[in-house]
Number of protein chains: 2
Amino acid sequence: MSNNGYTGHMEPHEPDLAEVPVTAVLAALADDVRLQIVRALAEGGERSCGTFEFGVSKATRSHHLKVLREAGLTRTRAAGTSRYVRLRRDELDRLYPGLLNALLDPRTPA
Amino acid sequence: MSNNGYTGHMEPHEPDLAEVPVTAVLAALADDVRLQIVRALAEGGERSCGTFEFGVSKATRSHHLKVLREAGLTRTRAAGTSRYVRLRRDELDRLYPGLLNALLDPRTPA
DNA sequence: GGGGATGTTCGACGAATGTCGAACAACGGT
DNA sequence: ACCGTTGTTCGACATTCGTCGAACATCCCC
């Protein structure tokens, strides 16, 4: 019911990184779960949401992925019933050179 | 009264940067006021707490400086009734190369 | 030693955040 | 057309965070 002719998809809120305040980018990265997601994405290339196995519910996982997406850090592609997430590495490295490398460096504490 | 032979100073909680979790470092930087402080310190060298003139009370300013200090980002030296704060730039650049530069770059958004 | 300057600490308060289960939505196969 | 899979959205809840005024501490100077 309530057929408004719009079955679709709209890949929501993927802002240009250059329009996201630095503090928002840093806040997005300042969380253990999200940092693990970023690290996994950095070496994985592209992954479906369900393949992230940390100790949180799927609701929480969805929430974190949303935060990352809205901070301009990831891009999401819908395929069938799955959603594939990837890191916007090029833009990140261009705008914040060294940031990602520092986070991915195995010597970084904790 | 209560002379325990210790009138001092103990410069409180200035952890080694290498022992602070990345997420804590990022969280410390993910705030507008604190980012302004860091930027001011980066070009100022050393400043007394009172010289930071942002739109917050001195209680709030004190709080933010404490967060930065306990994240291992700043060092505080007490001199008379003032306290001088400086950025631990060398350690930061060694452990997170590129991070500070990215934050200080005038092209960084917001 | 009293007074003023500089900072810190102590509640208190509202806003934001991380977390969850349950309900919902969209798709694919059988 | 159903059902299971995958993921999002919706309250709800506890915790954390930023903010303030007021009280306290420490030092310097007269």
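Just the heavy atoms: all of them, side chains too, but no hydrogens, waters or symmetry mates, feed the values below. Below, chains carry the letters A, B, ... as their sequence lines are ordered, and counting in each starts from 1.
In this entry the distance linking CZ of A:R83 with P of C:dG28 reads 13 Å, nearest Å. One atom, CZ of A:F54, and another, P of C:dT19, lie 12 Å apart when rounded to the nearest Å. One interatomic measurement links the two molecules: CG of A:D32 to P of C:dT17, which rounds to 17 Å at whole-angstrom precision. Summarising the geometry, the separation between CG on A:L68 and P on D:dT8 is reported as 12 Å, rounded to the nearest angstrom. In this entry the distance linking NZ of A:K66 with P of C:dG18 reads 13 Å, nearest Å. If you take NE2 of A:H13 and P of D:dT8, they are 14 Å apart, rounded to a whole angstrom. Atom P of nucleotide C:dT9 and atom CZ of B:R61 are separated by 14 Å, given to the nearest angstrom. Between A:K58 atom NZ and D:dG4 atom P the separation is 14 Å, expressed in whole Å.
Residue A:S82 has no polar side-chain atom (N or O) positioned under 4.0 Å from OP1 or OP2 of C:dC27. In terms of phosphate contacts, B:T81 brings no side-chain nitrogen or oxygen within less than 4.0 Å of OP1 or OP2 of C:dT6. Residue B:R34 has a polar side-chain atom (N or O) positioned under 4.0 Å from OP1 or OP2 of D:dG18.
Taking only side-chain atoms of B:D31, from C-beta outward, the nucleotide of C:dC20, D:dG21, D:dG18 with the closest atom is D:dG18. Closest contact between the side chain of A:S48 and the listed nucleotides D:dG7, D:dC20, C:dT19 involves D:dG7. Of the candidates D:dT19, D:dG7, D:dC20, the closest approach to any side-chain atom of A:S62 belongs to D:dG7. Side-chain atoms of B:V56 lie closest to D:dC20 of the nucleotides D:dC20, C:dC20, C:dG7. Counting only heavy atoms from C-beta on, A:A59 has its side chain closest to C:dA22 among D:dC27, C:dA22, C:dT8. Picking from D:dG7, C:dG7, C:dT19 the nucleotide with the shortest atom distance to the side chain of A:H64 gives C:dT19.
Seen from the ring of B:Y84, B:R47 does not count as a face-on cation partner, given the 6.0 Å and 45° thresholds.
Heavy atoms of A:T60 sit under 4.0 angstrom from at least one base atom. Counting any heavy atom pair closer than 4.0 Å across all strands shown, A:V67 reaches no nucleic acid atom. Across all strands shown, A:H63 has heavy atoms under 4.0 Å from base atoms, whether or not it also approaches the sugar-phosphate.
Of all the heavy atoms in A:A71 and A:A28, the pair that sits closest is CB-CB, 3.6 Å.
Side-chain contact check for A:S48 and A:T51: no donor-acceptor pair (N or O, by modelled atom type) lies under 3.5 Å.
The only option from A:R88, A:R94, A:R89 that meets the salt bridge (charged side-chain N to carboxylate O under 4.0 Å, His left out) definition with A:E91 turns out to be A:R88.
A salt bridge links A:R75 with A:E14; the closest basic N to acidic carboxylate O contact falls under 4.0 Å.
Distance check, rounded to the nearest 0.5 Å: CG of B:D31 to CG of A:L26 gives 10.5 Å.
Of the two residues contacting DNA chain C, namely A:A27 and B:L65, the nearest-nucleotide position lying further toward the 5' end is that of B:L65.
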